[in-house]
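Notes to accompany the following structure.
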Amino acid sequence: MGNNKSFSGGRRYSNDDITVYWKPSACIHATYCFRELIEVFDPGRRPWVDMKAAPTDRIIEVVNMCPTDALTWKWNDNEKNKDVPQDQTNHVRFRRPELLDDEIAVNEVRPVVVKVMVDGPIVINGTFDFDNDGTRKEVKDSLISVCRCGASSKMPFCDGHHRKIGFTG
Amino acid sequence: MENKEDNKPATVVEVVDQGPLGIKGSFILKDLKRGSESKPGEVWLCRCGKSKNKPFCDDSHKKND
Ligand code: FES
């Protein structure tokens, strides 16, 4: 939980040691990442990066092979980012220094927020288990909007009908 | 997360058939209509629109549909 998040321009993935940043717009599909380490970088899977599937030093090695700044990385311990050696080619310090000031704690878990909207649905935002119709699935870093007026034709989700029936409450 | 060790999800949202929406675990409840914010740990929210105690369920859904 909380180890797969968006940031401006892409997504980031963390284990206890490092954070890997993915910037899809920079990818030229050189395919080093998944040819070298399909366990971690699997384009056919969602999320496509699994930071638990290989040791940190191996992930760093493969991220460093990326010829663009589509994949970059940094230590979670900011002290260690201060003097990384030049051979760590895809460290954010060399490729995307703006990410060094990325203040948000990487292992911070965003709380689930349930909002009761004014005369509208219940909007739930975050990562949680969702039980509906006898099946349970995980909603990850996303949101659902549940009907509160009783009139939706897409139950249990809100489809905007609350406005038509003039729901208040 | 509090419950990580035993692999239980921290927050569970459950749609009760013909009933309310149950939310259990760790979450922040913000009621924008009434301007309140709390961390109740467990709530049952009305989905039928008829509760007299919104946003909570008061079993009104059981009375003549
Ligand atoms: S609350 Fe939006 S359709 Fe019921």
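First the proteins, then the strands, lettered A, B, ... as listed; each starts at 1. Being a predicted model, the structure only gives us computed values, none of them experimental.
Proximity to chain A (any heavy atom under 4.5 Å) is shown, for B:L29, by both the backbone and the side chain. Of the two parts of A:V146, only the side chain, counted from C-beta on, holds a non-hydrogen atom closer than 4.5 Å to a non-hydrogen atom of chain B. Only the side chain of A:F167 has a heavy atom closer than 4.5 Å to any heavy atom of chain B. Interface remark: B:D31 contributes backbone and side-chain atoms alike to the contact with chain A (heavy atom separation under 4.5 Å).
A continuous path of ILVMFWY side-chain contacts below 4.5 Å connects A:L37 to A:F34, so both sit in one hydrophobic cluster. Hydrophobic clustering (ILVMFWY, side-chain heavy atoms < 4.5 Å, transitive): A:I144 and B:F27 are in one cluster. Criterion: ILVMFWY side-chain heavy atoms under 4.5 Å apart, direct or through other members. Under it, A:L143 and A:M155 are not part of a common hydrophobic cluster. There is no path of hydrophobic side-chain contacts, each under 4.5 Å, that joins A:M65 to A:V49. Cluster membership check: A:I59 shares its hydrophobic cluster with A:I38, using side-chain heavy-atom separations under 4.5 Å among Ile, Leu, Val, Met, Phe, Trp and Tyr.
Atom CZ of A:R163 has 12 or fewer neighbouring heavy atoms from other residues, nucleotides or ligands inside a 6.0 Å radius. Residue B:E42 places its CD atom among more than 12 non-hydrogen atoms of other residues, nucleotides or ligands, all under 6.0 Å distant.
The side chain to side chain contact (heavy atoms under 4.5 Å, CB included) test with A:V114 singles out one residue from B:L45, B:V43, B:I28, and that residue is B:L45.
Side-chain contact between A:D133 and B:V15 is absent, with no heavy atoms from C-beta onward closer than 4.5 Å. Proximity of A:V116 to B:K54: side-chain heavy atoms (C-beta onward) are nowhere separated by under 4.5 Å.
Rounded to the nearest 0.5 Å, atoms CD1 (B:I23) and CG (A:D131) are 12.0 Å apart.
In this structure, B:R34 and A:G169 approach most closely via the heavy-atom pair NH2-C, 3.7 Å.
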Open item on the list: Between B:L21 and A:I124, is the side chain to side chain contact (heavy atoms under 4.5 Å, CB included) condition met? List the steps.
Closed with: CA-CA 11 Å; B:L21 185 74; A:I124 309 174; 4.0 Å; yes
